[in-house]
2 protein chains.
Amino acid sequence: MTQFGTYVNTARRSLQAHDRRYSLRQVAGRIGVEPGYLSKIERGQVAPPSEAATVRLARELDEDPDVLLALGGKVSSDLQEVIRKRPRLFAQLIRELRDAPDHAVLRIVREVRDGDW
Amino acid sequence: MTQFGTYVNTARRSLQAHDRRYSLRQVAGRIGVEPGYLSKIERGQVAPPSEAATVRLARELDEDPDVLLALGGKVSSDLQEVIRKRPRLFAQLIRELRDAPDHAVLRIVREVRDGDW
DNA sequence: GTAAGTGTGTAGTGTTTAGGAAACATGACG
DNA sequence: CGTCATGTTTCCTAAACACTACACACTTAC
């Protein structure tokens, strides 16, 4: 489960190549964790960080928080809250869509966004 | 946050009224926890139990596991897995549906179930 | 060549999660 | 009365989570 670490490391290094403000230490400083901790995270030596830290890291590296959370084995708590408010409804919907192809889900997203209810 | 406890207590007592196999002790025994623990759960003296125990409890009391998990502040891990596999897609969908009325979501569920993709 | 900056290794910490064990009090039954 | 069965109380804990502190080695910049 070190998908998370390599992903972060790759993203950071690619930024670092053009901007020396993206050293491990500086990024760690900006997202508010110790450098040693971020180092271990990047090398998968510890579990992915908390949701809050993951989101700060994603923003800092200009990555999608939901994707990074997913790599860390988590689901954003605001999504969870939506589900918890109407559990039967959303549980059914999500299970129904488990095996639906991307384009089918996307079609629904668009349908909903064009709000025809 | 003792919604969970009162809900469980009410459900159990209503079963117990007609069937003495639904005493706290017997239910605890069948779902594999100590009576003292279930007692504390029902009175909100401790946090809601783990996902696994919550699901066993729901099945035992013939309640919807997703609803009980929601009352316990949790979201079923199989739903989380669906989201984690395609985080961007599902995050967008769920946020889009956050404020949609029930019937709109239900319409989509039916649409998907009648699988027209 | 030294000061600054880079990443890493080791050790330890406080908090939360998810309960178990055992004794206790109360009431019903025969 | 004794003995079940009921729910409750107190105390304890093992493991996981989310980090910090700090010293170390190496490179680079001036």
Side-chain angles (χ1 to χ4, degrees), chain A residues 1-2 4-58 60-61 65 68-69 71-77 80, chain B residues 1-2 4-58 60-61 65 68-69 71-77 80:
Chain A
M1 299 301 153
T2 175
F4 186 90
T6 30
Y7 186 91
V8 168
N9 183 264
T10 303
R12 187 181 58 75
R13 297 203 102 80
S14 109
L15 289 173
Q16 189 183 22
H18 303 292
D19 188 339
R20 62 199 178 301
R21 289 168 46 252
Y22 287 91
S23 75
L24 185 148
R25 269 170 191 275
Q26 291 202 38
V27 169
R30 286 196 297 273
I31 69 168
V33 303
E34 292 296 310
Y37 184 43
L38 182 54
S39 170
K40 282 177 285 190
I41 287 170
E42 287 194 355
R43 287 167 305 115
Q45 218 185 84
V46 298
S50 68
E51 178 178 346
T54 300
V55 170
R56 292 197 303 273
L57 184 53
E60 182 62 34
L61 302 181
L68 210 55
L69 284 169
L71 287 173
K74 296 184 164 71
V75 169
S76 176
S77 56
Q80 297 202 34
Chain B
M1 296 301 156
T2 174
F4 187 91
T6 32
Y7 186 91
V8 168
N9 183 263
T10 303
R12 186 181 60 75
R13 296 202 102 79
S14 108
L15 289 172
Q16 189 183 23
H18 303 291
D19 188 341
R20 61 196 180 300
R21 288 169 47 251
Y22 287 91
S23 75
L24 185 149
R25 268 168 193 275
Q26 290 202 36
V27 169
R30 286 197 298 274
I31 69 169
V33 303
E34 292 295 311
Y37 184 44
L38 182 54
S39 170
K40 282 178 285 188
I41 288 170
E42 286 195 356
R43 286 166 309 111
Q45 218 184 85
V46 298
S50 68
E51 178 178 346
T54 300
V55 170
R56 292 197 303 273
L57 185 52
E60 182 62 33
L61 300 180
L68 209 55
L69 284 170
L71 287 173
K74 297 185 164 70
V75 169
S76 176
S77 56
Q80 297 201 34

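Note that this is a predicted model, so its numbers are computed, not measured.
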Open item on the list: So A:V33, base contact, sugar-phosphate only, or nothing? Heavy-atom distance under 4.0 Å.
Closed with: sugar-phosphate
Open item on the list: Mind checking if B:E51 touches a base, just sugar-phosphate, or nothing, with heavy atoms under 4.0 Å?
Closed with: nothing
Open item on the list: Taking atom types as they are modelled, would you say the side chain of B:R25 forms a donor-acceptor pair with the base of D:dG7 within the 3.5 Å cutoff?
Closed with: yes
Open item on the list: I'd like to know if A:R30 and A:E60 make a salt bridge, using a cut-off of under 4.0 Å between side-chain N and carboxylate O.
Closed with: yes
Open item on the list: Using a 4.0 Å heavy-atom cut-off, does A:R13 contact any base of the nucleic acid, only the sugar-phosphate backbone, or nothing at all?
Closed with: nothing
Open item on the list: For B:S50 and B:P35, find the nucleotide of DNA chain C closest to each by heavy atoms; which residue's nucleotide sits nearer the 5' end?
Closed with: B:S50
Task: Rounded interatomic separation in angstrom, taking CD from A:E34 and P from C:dT6 - done: 15 Å
Task: Nucleotide nearest B:A53 (side chain, heavy atoms from C-beta), chosen from C:dG20, C:dG19, D:dT6 - done: C:dG19
Task: Candidates D:dC19, D:dT9, D:dT8 - which lies nearest the side chain of B:L24 - done: D:dT8
Open item on the list: For a quick test of reading the model, state the closest non-hydrogen atom pair linking B:A58 to B:P65 and the distance between them.
Closed with: CB-CA, 3.7 Å
- [ ] Show the numbers, then the answer: is there a side-chain contact (heavy atoms from CB on, under 4.5 Å) between B:L71 and B:T54?
- [x] CA-CA 10 Å; B:L71 287 173; B:T54 300; over 6 Å; no
- [ ] Send over the distance from A:R56 CZ to D:dA18 C1', rounded to a whole Å.
- [x] 11 Å
Task: Proximity to DNA chain D (any heavy atom under 4.0 Å), residues of residues 36-43 of chain B only - done: B:G36, B:S39, B:K40, B:R43
